[in-house]
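Here's the structure, in structure tokens; my notes come after.
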Amino acid sequence: MENNCIFCKIAAKEIPSNVVYEDDKMIVFHDISPAAPVHVLAIPKKHIDSVLALTAEDESLMGHMMRVMANVAADLGVDEKGFRIVTNTKEDGGQTVNHLHFHLIGGRSMQWPPG
Ligand code: AMP
Ligand code: ZN
């Protein structure tokens, strides 16, 4: 647990969240400020600052998270029309919480490129 990390606290259930999936390695919960009809966040339970901090040991965790997110997308009903998975990284990427997280966003048509 990283000091004062809000997502470590969500993973530890010290801060409540609306959980849609959980296992020993990761948790998926609804974003508190949804940007679309479907907007959940997938995080590893262990603290990782961002994709920049990943090591070779995290490769199976990342593969697991991707597969789970695809299953969650289907559970939430956005697999047919599609969705987007995004990980904002550092200042230019717009990262506001420094614990690796993937936004899974869907339920409406997305624009490209993002703003
Ligand atoms: P980012 O700006 O990419 O770092 O994404 C952080 C996301 O976390 C934002 O979409 C926030 O709305 C979301 N968020 C912040 N605090 C909470 C919380 N307590 N529960 C759920 N989502 C949160
Ligand atoms: Zn953390």
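Everything numeric in this text was worked out from a predicted model, so none of it was measured. Atoms within a ligand are numbered from 1 in the order they appear, just like the ligands themselves. All values below come from the heavy atoms of this structure, side chains included, with hydrogens, waters and symmetry mates left out.
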Are I48 and M26 linked, directly or through other ILVMFWY residues, by side chains that come within less than 4.5 angstrom of each other?
yes
H101 and H99: ring pair (Phe, Tyr, Trp, His ring centres under 6.0 Å), yes or no, with the steps?
CA-CA 6 Å; H101 52 283; H99 178 130; 7.9 Å; no
Examine the proximity of ligand 1 to H103 and report which part, side chain or backbone, both or neither, has a heavy atom under 4.0 Å away.
side chain
Just need the protein heavy atom nearest to atom 1 (P) of ligand 1, so name the residue and atom and give the distance.
H101 NE2, 3.1 Å
Tell me whether ligand 1 is touched by S17 - counting only heavy atoms on the residue side and a distance under 4.0 Å.
no
Give me the nearest non-hydrogen protein atom to atom 23 (C) of ligand 1 as residue plus atom name, then the distance to 0.1 Å.
I32 CG2, 3.5 Å
Enumerated ligand 1 atoms positioned under 4.0 Å from heavy atoms of V97:
4 (O), 6 (C)
Note the single closest protein heavy atom to atom 11 (C) of ligand 1, along with its residue, its atom name and the distance in Å.
D31 OD1, 3.4 Å
So which N/O/S atom does H47 have closest to the Zn ion (ligand 2)?
ND1
of all protein heavy atoms, closest to atom 2 (O) of ligand 1 is T96 OG1, 2.7 Å
Which of the atoms in ligand 1, numbered in the order shown and given with their element, are less than 4.0 Å from a heavy-atom of F7?
8 (O)
Can you tell me how far CG of D58 sits from NZ of K25, rounded to the nearest 0.5 angstrom?
12.0 Å
Kindly indicate whether the side chain of L41, heavy atoms from C-beta on, has any atom under 4.5 Å from the side chain of H103.
yes
In this structure, does ligand 1 have an atom that sits under 4.0 Å from one of the heavy atoms of V86?
no
Does F29 reach the side chain of I43, with side-chain heavy atoms less than 4.5 Å apart?
yes
For the Zn ion (ligand 2), find the closest N/O/S atom belonging to H99 and write down its atom name.
ND1
Worked verdict on E22 versus K13 for salt bridge (charged side-chain N to carboxylate O under 4.0 Å, His left out):
CA-CA 12 Å; E22 179 173 13; K13 306 284 168 61; 2.8 Å; yes
Mode of I10 contact toward ligand 1 - side chain, backbone, both, neither (heavy atoms, under 4.0 Å):
side chain
Considering both backbone and side-chain atoms of N88, is one of its nitrogen or oxygen atoms within less than 3.5 Å of a nitrogen or oxygen in ligand 1?
yes
Donor-acceptor pair, distance only, cut-off 3.5 Å: does the side chain of K45 make one with the backbone of D23?
yes
Protein residue, atom and distance nearest to atom 16 (N) of ligand 1, heavy-atom basis
I6 CD1, 3.8 Å
Going by heavy atoms in the side chains, are M62 and M65 under 4.5 Å from each other?
yes
